[in-house]
Amino acid sequence: MNLEVNGIVHEVFVEDRTSLADALREECGLTGTRLGCEHGVCGACTVLINNRPERSCLVLATQTEGDAIGTIEGLAKSPTVLAPIQRAFREAHGLQCGFCTSGMLLTAQSLLEHDPDPSPETIRDWMHGNLCRCTGFDQIVESVQLAASMIKQDQEREE
Ligand code: FES
Ligand code: FES
């Protein structure tokens with residue numbers, strides 16, 4: 001089957017039971033998608049499917065033929081320029097070991113596209129399905145708020 005990931009079509013060979021996470025990691029070589037619990041609890045495996053955050057451990061690869069999949073590898077516009085959400089997590093200490101971070105970033109990115117100026121309560125609510133065992137969630141909330149202000153500044157500069 002074909003998987004469209006970050007705008008590139010990959011021909012992959014999967015079984016009916018292969019999860020999207022496994023297909024991305026093993027067939028496409030995109031190992032930025034993390035596998036933690038593998039049963040839908042931790043959110044580490046979050047990717048975007050047609051711009052919606054989804055748990056790739058719970059989705060079969062074969063269910064996504066024809067969909068546009070976004071992974072952490074496609075978040076930055078170029079290999080040398082981080083996306084605002086990545087810069088913000090780095091500056092506001094929204095990560096430590098980084099295991100949860102790809103899922104966190106993609107979930108946060110989709111929030112900011114939906115709501116460019118989210119309150120702390122909205123951020124906590126939107127991100128509640130992404131678990132981090134080392135950072136503490138305050139820094140993650142601050143990172144998302146910082147990203148929102150960075151995006152706004154970038155837009156004002158472009159106007
Ligand atoms: S690995 Fe998919 S939700 Fe934990
Ligand atoms: S940064 Fe380590 S699990 Fe979140």
Side-chain angles (χ1 to χ4, degrees), residues 1 3-6 10 12-76 79 81-114 118-151:
M1 65 171 287
L3 275 184
E4 187 195 317
V5 189
N6 304 326
H10 297 253
V12 299
F13 299 88
V14 294
E15 297 181 40
D16 288 347
R17 63 194 174 100
T18 302
S19 70
L20 176 60
D22 284 340
L24 291 169
R25 290 176 58 84
E26 292 166 19
E27 290 287 316
C28 303
L30 297 170
T31 53
T33 299
R34 305 292 190 206
L35 277 168
C37 65
E38 296 193 60
H39 58 266
V41 176
C42 72
C45 64
T46 302
V47 300
L48 301 177
I49 302 179
N50 300 325
N51 279 327
R52 286 172 50 94
E54 302 281 357
R55 287 157 200 271
S56 61
C57 70
L58 294 184
V59 177
L60 295 172
T62 51
Q63 290 176 293
T64 63
E65 186 144 34
D67 290 333
I69 297 161
T71 69
I72 191 66
E73 289 87 351
L75 195 54
V81 182
L82 294 177
I85 191 71
Q86 292 171 309
R87 281 191 278 135
F89 266 66
R90 185 177 64 184
E91 287 181 26
H93 307 289
L95 69 147
Q96 284 185 27
C97 78
F99 192 85
C100 69
T101 307
S102 51
M104 286 281 180
L105 292 173
L106 291 170
T107 304
Q109 178 72 19
S110 77
L111 166 60
L112 294 175
E113 281 168 16
H114 180 81
S119 68
E121 294 72 30
T122 300
I123 296 168
R124 285 182 184 279
D125 188 44
W126 188 278
M127 309 280 295
H128 77 274
N130 289 76
L131 305 182
C132 177
R133 63 188 172 183
C134 43
T135 303
F137 291 93
D138 285 346
Q139 291 99 311
I140 290 171
V141 172
E142 286 164 19
S143 298
V144 179
Q145 288 184 294
L146 179 59
S149 63
M150 285 175 167
I151 292 167

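Both counts, for ligands and for their atoms, begin at 1 and track the order of listing. In this text the structure is predicted, and so the values were computed from the model without any measurement.
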For atom 3 (S) of ligand 2, the protein heavy atom that lies nearest, with its residue and separation: Arg133 N, 3.4 Å
Cys134 atom SG and Cys97 atom SG as seen from atom 2 (Fe) of ligand 2, angle to 10 degrees: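 Answer comes to 110°, rounded to 10°.
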With atoms numbered from 1 as shown, which atoms in ligand 2 lie under 4.0 angstrom from a non-hydrogen atom of [X]?
{"X": "Gly98", "result": "1 (S), 2 (Fe)"}
{"X": "Thr135", "result": "1 (S)"}
{"X": "Gln96", "result": "1 (S)"}

For the [atom1] atom of [X] and the [atom2] atom of [Y], what is their distance to the nearest 0.5 Å?
{"X": "Ile85", "Y": "Glu113", "atom1": "CD1", "atom2": "CD", "result": "10.5 Å"}
{"X": "Arg55", "Y": "Cys42", "atom1": "CZ", "atom2": "SG", "result": "7.0 Å"}
{"X": "Thr71", "Y": "Leu106", "atom1": "OG1", "atom2": "CG", "result": "7.0 Å"}
{"X": "Leu35", "Y": "Ser56", "atom1": "CG", "atom2": "OG", "result": "6.0 Å"}

Just checking: Cys132, one of its N/O/S atoms, less than 2.8 Å away from atom 2 (Fe) of ligand 2, yes or no? no
Can you tell me if Cys100 has an N, O or S atom under 2.8 Å away from atom 2 (Fe) of ligand 2?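 Not a single backbone or side-chain N, O or S atom of Cys100 is under 2.8 Å from atom 2 (Fe) of ligand 2.
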Inside 2.8 Å of atom 4 (Fe) of ligand 1 but strictly below it, how many protein N/O/S atoms are present? 2
Please check if any side-chain donor atom of Ser110 sits under 3.5 Å from a side-chain acceptor atom of Asn51, or the reverse.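 No, no side-chain donor-acceptor contact under 3.5 Å.
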Thr107 and Asn130: side chain donor to acceptor below 3.5 Å: yes
Does the side chain of [X] reach to within under 4.5 Å of the side chain of [Y], using non-hydrogen atoms?
{"X": "Leu20", "Y": "Leu60", "result": "no"}
{"X": "His10", "Y": "Val12", "result": "yes"}
{"X": "Trp126", "Y": "His114", "result": "yes"}

